[in-house]
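Note sheet for the following structure.
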Amino acid sequence: KRQLKAYYLARGYLLKLIEEKQILPISISHLYFPYDDPILKRELLSQGQIVEYSIIDEQSKFNINEIVNNPDMMRCLAHLLSNISGRDFNEAQRLVGNLKDWIDAQDVQEDNIYKSKGYSYLPRNGEIADLSEILLVDGWTEEILYGDGTDTNKGIVDFITIYGDGKININSCSQEVLNALQKGLNQTYSNFRPQTVANLMDFMAGDDGRVGEGEDDNCLVQDRITSPPLNIAQVFNLNNDWSSVADDIDRYFRDTDWAALQDLKRDGFITTGSQALRFEVTAELNKVRQKIAAIVKIQDGQILYWYEK
C-alpha cells in the first residue's frame with residue numbers, strides 16, 4: 001500500500017513539474033539545467049513525504065542516431081569516449097565505427113562479422129531505440145557504457161542520447177562535451193581552439209565562476225549566436241537594457257572565438273536551444289521510495305519516454 005502511494009506521489013509530482021516547466025524559455029535552458037549541477041531539489045511535502053527531482057537537457061549530449069553519418073561528429077564522439085573511458089583514441093574510433101555499422105544500412109560484411117564472432121543476432125541496421133541496446137554492439141560493454149565507478153572511467157551514457165536533432169546546445173552541455181567538440185572539429189575549424197572552450201565556460205559562469213548559481217550567469221539567446229548575450233536577471237526583467245550586456249562579448253571572447261561559434265552554428269554543429277528535457281522524480285513515503293523518469297518534447301509537451309523503478 002505504501003509503495004502504491006509513493007508511486008502516485010512521484011507520478012503526480014512529475015506531471016505537475018512537466019506542466020510548470022513548459023513555460024520556460026527554450027533558449028536559456030543552461031540557467032536551469034547546467035550539466036555539472038542540474039536542478040536537483042529536495043522538497044519536504046509533509047511528515048514522512050519527501051520528493052527529489054532533477055531536470056537535464058537532452059540536447060546537451062551527442063545524439064548517436066544523428067551523428068553516425070557525419071564523420072566530423074563521429075570523430076568528436078571518439079574523442080569523448082577516449083577521454084571519458086581512458087581508452088586509446090584508435091580503439092575509441094573502432095568502437096564508434098562499430099556503432100555506426102549497427103545503425104546504418106545493411107551490409108553483408110558487417111553481418112558476417114557478427115556471425116563469425118558467434119553472436120546470435122545481426123546488426124539492427126536502424127536507429128537505436130534505447131541506450132541499453134548499445135550493449136549489443138560488437139566491442140561495447142557495460143563498463144564502457146556505464147563506467148566502473150572511478151573518475152578515470154565515468155561511462156559515456158550520461159553524455160549521449162537518442163533525442164534531439166544532433167546539434168549540441170552550448171548553453172547546457174558539459175565541459176567534457178565541449179572539449180570533445182573542439183578536438184573533433186578543430187581539423188576543419190582551426191579557429192575553434194581550446195581557449196575558445198575555456199572562454200565560453202567562463203562566459204557562462206559569470207563573475208562568480210559557477211554555472212547555475214546567482215544572477216550573473218550568461219547565455220546565448222534566441223537560437224542565434226549573433227544575438228547579444230543575456231544574464232538571468234535580464235531574462236526576467238524585460239525592461240532592462242539588453243544591449244548593455246553586449247560588452248560581455250568583448251570581455252570574454254576574442255573575434256576569432258566569436259567567428260568560430262558562428263561558423264559551427266551555421267554548419268549545424270551547435271545550437272543555443274533545446275528540443276527535449278529529461279525529468280526525474282524520486283518520491284519517498286515513510287522510507288518507501290519510487291523513481292519515475294520522463295523525457296519530454298519541449299515544443300508540445302509530448303512524452304517521448306517513460307521509466308518507472
Side-chain angles (χ1 to χ4, degrees), residues 25-35 57-63 66-67 69-80 159 161 164-207 209 211-212 216-232 234-235 238 240-276 298-299:
I26 295 173
S27 59
I28 58 170
S29 57
H30 98 280
L31 298 176
Y32 302 93
F33 323 118
Y35 185 90
D57 179 16
E58 289 295 298
Q59 196 90 19
S60 67
K61 311 171 187 180
F62 286 100
N63 185 331
E66 294 288 338
I67 71 174
N69 293 316
N70 186 322
D72 286 325
M73 290 297 270
M74 285 182 60
R75 190 164 56 248
C76 293
L77 184 59
H79 277 292
L80 176 68
F159 302 93
T161 185
D165 59 8
K167 300 174 185 177
I168 300 294
N169 183 359
I170 58 173
N171 279 331
S172 59
C173 70
S174 65
Q175 177 103 41
E176 289 91 340
V177 168
L178 278 176
N179 288 341
L181 273 176
Q182 189 278 320
K183 290 181 179 180
L185 297 177
N186 182 251
Q187 295 180 24
T188 307
Y189 301 88
S190 59
N191 57 352
F192 188 28
R193 308 165 299 133
Q195 190 59 47
T196 306
V197 173
N199 291 346
L200 180 60
M201 294 302 292
D202 287 344
F203 166 75
M204 295 296 180
D207 293 334
V211 174
D216 63 332
D217 285 11
N218 296 307
C219 62
L220 304 172
V221 301
Q222 297 175 354
D223 208 27
R224 291 182 297 151
I225 286 178
T226 53
S227 300
L230 304 179
N231 61 36
I232 192 169
Q234 288 167 311
V235 167
L238 303 185
N240 279 3
D241 179 11
W242 290 10
S243 62
S244 64
V245 195
D247 293 339
D248 277 345
I249 296 177
D250 296 329
R251 179 180 171 192
Y252 289 100
F253 296 111
R254 295 183 179 182
D255 289 342
T256 52
D257 298 328
W258 201 243
L261 295 178
Q262 289 175 321
D263 290 344
L264 297 180
K265 170 65 168 57
R266 178 199 64 210
D267 294 342
F269 292 104
I270 62 174
T271 183
T272 53
S274 304
Q275 293 188 356
I298 293 178
Q299 185 176 10

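- Contact between C173 and L178 at its shortest, heavy atoms only, is SG-CG, 3.4 Å.
- Atom CZ of F62 and atom CE of M73 lie 5.0 Å apart (nearest 0.5 Å).
- One distance of note links CG of N70 with CG of L77; it measures 11.0 Å at 0.5 Å rounding.
- Here the shortest heavy-atom pairing between I168 and K61 reads CD1-O, 3.1 Å.
- Between N199 and R193, the shortest heavy-atom contact is ND2-NH2, 4.4 Å.
- Every side-chain contact (heavy atoms from CB on, under 4.5 Å) that D267 has, sequence neighbours left out, goes to Y189, F269.
- In this structure, CG in L80 is found 14.5 Å from CZ in R75, a value given to the nearest 0.5 Å.
- Between the side chain of N186 and the main chain of F192, a donor-acceptor pair closer than 3.5 Å is present.
- A donor-acceptor pair shorter than 3.5 Å cannot be found between the side chains of T271 and N169.
- Of all the heavy atoms in C76 and G184, the pair that sits closest is SG-CA, 3.6 Å.
- Looking only at distances, no side-chain donor or acceptor of Q182 sits under 3.5 Å from a matching main-chain atom of T196.
- Not a single donor-acceptor pair under 3.5 Å links the side chain of E58 to the backbone N or O of G164.
- Distance check: I270 CD1 to I170 CD1 gives 4.0 Å after rounding to the nearest 0.5 Å.
- Minimum heavy-atom separation, S60 to V177: O-CG2, 3.8 Å.
- With rounding to the nearest 0.5 angstrom, the CG atom of L264 is 7.5 Å from the CG atom of L181.
- The CZ atom of R266 lies 12.0 Å from the CG atom of L261; values are rounded to the nearest 0.5 Å.
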